[in-house]
Amino acid sequence: MPELPEVEVVRAGLEPAVTAATVSSVQVYDERSLRRHPGPSEDFIDRLTGRRMLAPQRRGKFLWIPLSPIQPDNTPEALVVHLGMSGQVLLRDRVTDDLRTRIRIELLHPEHGPLRLNFVDQRIFGSMAIDTLVQTPDHPLQLVPTAVAHIARDPLDERFDDAAFFARLAKKSTTIKRALLDQTLISGIGNIYADEALWAAKVHYEQPTASLTRPRAKLLLAEVRAVLTKALAEGGTSFDAQYLNVNGQSGYFAHSLNAYGQQGEPCPRCGRPIVRESFMNRGSHFCPYCQRVR
DNA sequence: CCGGACTCCTGGTTGC
DNA sequence: TGCAACCAGGAGTCCG
């Protein structure tokens with residue numbers, strides 16, 4: 001279940017390997033991984049083959065690799081990757097295969113030579129697509145894929161507007177976990193880090209956003225950043241020097257979780273049992289004593 | 001605007 | 001032991 005830290009680990013791992021590399025060939029083994037590509041797989045292959053890749057970018061859980069334009073006046077395009085629930089982008093040498101590879105992209109890098117990207121995805125909730133890049137409304141020089149245009153900046157983005165976020169929270173009539181998972185409000189947070197940040201800030205997942213005091217909202221945002229930053233630091237430590245095993249799941253369960261999946265276990269703060277409740281078709285894990293609606 | 005239901009999907013786990 | 005039912009959830013869509 002890759003969230004912001006896992007996706008950033010993938011982005012950072014891909015950066016030195018794909019930047020300035022040229023796509024020599026593309027194989028699509030499962031068309032379902034192109035669900036979000038506007039066209040048949042032949043179109044995906046045609047538009048990607050021969051293109052040169054630029055530095056990978058990320059917003060929230062979306063990752064994209066801008067492609068060098070064929071003509072200077074062409075509409076800028078990018079290869080957009082979403083890992084969904086189980087997606088991985090594995091950076092390999094030219095002969096390594098991986099089980100459940102849905103799409104393979106062969107690259108030639110001017111310094112590193114031939115490389116291969118295996119897009120592996122067990123559950124096929126993830127996808128690859130070629131998309132056009134458009135301006136972001138709040139920054140004329142920054143481009144994002146059209147599929148990402150509605151996604152809010154993430155809390156580790158230096159242009160994330162804390163005050164605007166608090167103002168939108170106060171105006172909404174919804175509950176806080178729903179808001180944290182709303183990628184148009186704040187991006188990059190999934191079920192695991194939502195539960196972890198709420199636990200750390202002692203906020204109940206059904207706390208109405210409008211009644212969350214400003215100090216508590218500030219604390220919650222700080223805990224969101226702390227949880228994401230800590231996970232990022234732990235996930236970013238397992239790089240292999242020669243061939244980076246860029247793995248969306250790496251380090252995921254290595255870090256200690258205080259609430260997520262801990263139902264029945266003692267709350268690390270008060271010792272009372274963590275409870276799991278069903279919410280939004282997923283589990284919400286929390287301490288009923290530490291985290292109360294108020 | 002809001003929330004609930006539904007869709008996509010497969011492999012590990014649970015239950016009979 | 002074997003097999004079916006269940007469960008996990010990110011994101012989009014549709015509907016009331």
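This structure is a prediction, so every number in the text was calculated from the model and none was measured. A, B, ... follow the sequence lines: proteins, then strands. Residue 1 opens every chain.
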Asker: For the side chain of A/T175 and the backbone of A/E206, is there at least one donor-acceptor N/O pair under 3.5 Å apart?
Answerer: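 No; zero donor-acceptor contacts below 3.5 Å.
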
Asker: On the ring face of A/F166, is A/R168 found with NZ or CZ under 6.0 Å from the centre and within 45° of the axis?
Answerer: no

Asker: For the atom pair CD1 (A/I176) and NE2 (A/H204), what is the distance rounded to the nearest 0.5 Å?
Answerer: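 Answer rounded to 0.5 Å: 12.5 Å.
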
Asker: Mapping A/R35 and A/M280 onto DNA chain B by nearest heavy atom, which one lands closer to the 5' end?
Answerer: A/M280

Asker: Just the endpoints, please: which first and last nucleotides of DNA chain B, 5' to 3', lie under 4.0 Å from a heavy atom of chain A?
Answerer: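 For DNA chain B, the relevant span reads B/dC2 to B/dG11.
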
Asker: Quiz question: by atom type and distance under 3.5 Å, do the side chains of A/T96 and A/D93 form a donor-acceptor pair?
Answerer: yes

Asker: I need a per-nucleotide contact map over nucleotides 4-16 of chain C, read 5' to 3'. Cutoff is protein heavy atoms under 4.0 Å; write B for the base, S for backbone only, - otherwise.
Answerer: ----BBBSS----

Asker: Have a look at A/W64 and tell me which of A/E77, A/M128, A/R59 forms a side chain to side chain contact (heavy atoms under 4.5 Å, CB included) with it.
Answerer: A/R59

Asker: Is there any side chain to side chain donor-acceptor pair (under 3.5 Å) pair reaching into residues 277-286 of chain A, and which pairs are they, with sequence neighbours excluded?
Answerer: A/K177-A/S284, A/D195-A/H285, A/Y205-A/E277

Asker: Do the charged groups of A/D157 and A/R159 touch, with an N to O distance under 4.0 Å?
Answerer: no

Asker: Of the options A/L198, A/L228, A/L181, A/V224, which is the one that meets A/Y193 in a side chain to side chain contact (heavy atoms under 4.5 Å, CB included)?
Answerer: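 The residue from A/L198, A/L228, A/L181, A/V224 that satisfies side chain to side chain contact (heavy atoms under 4.5 Å, CB included) with A/Y193 turns out to be A/L228.
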
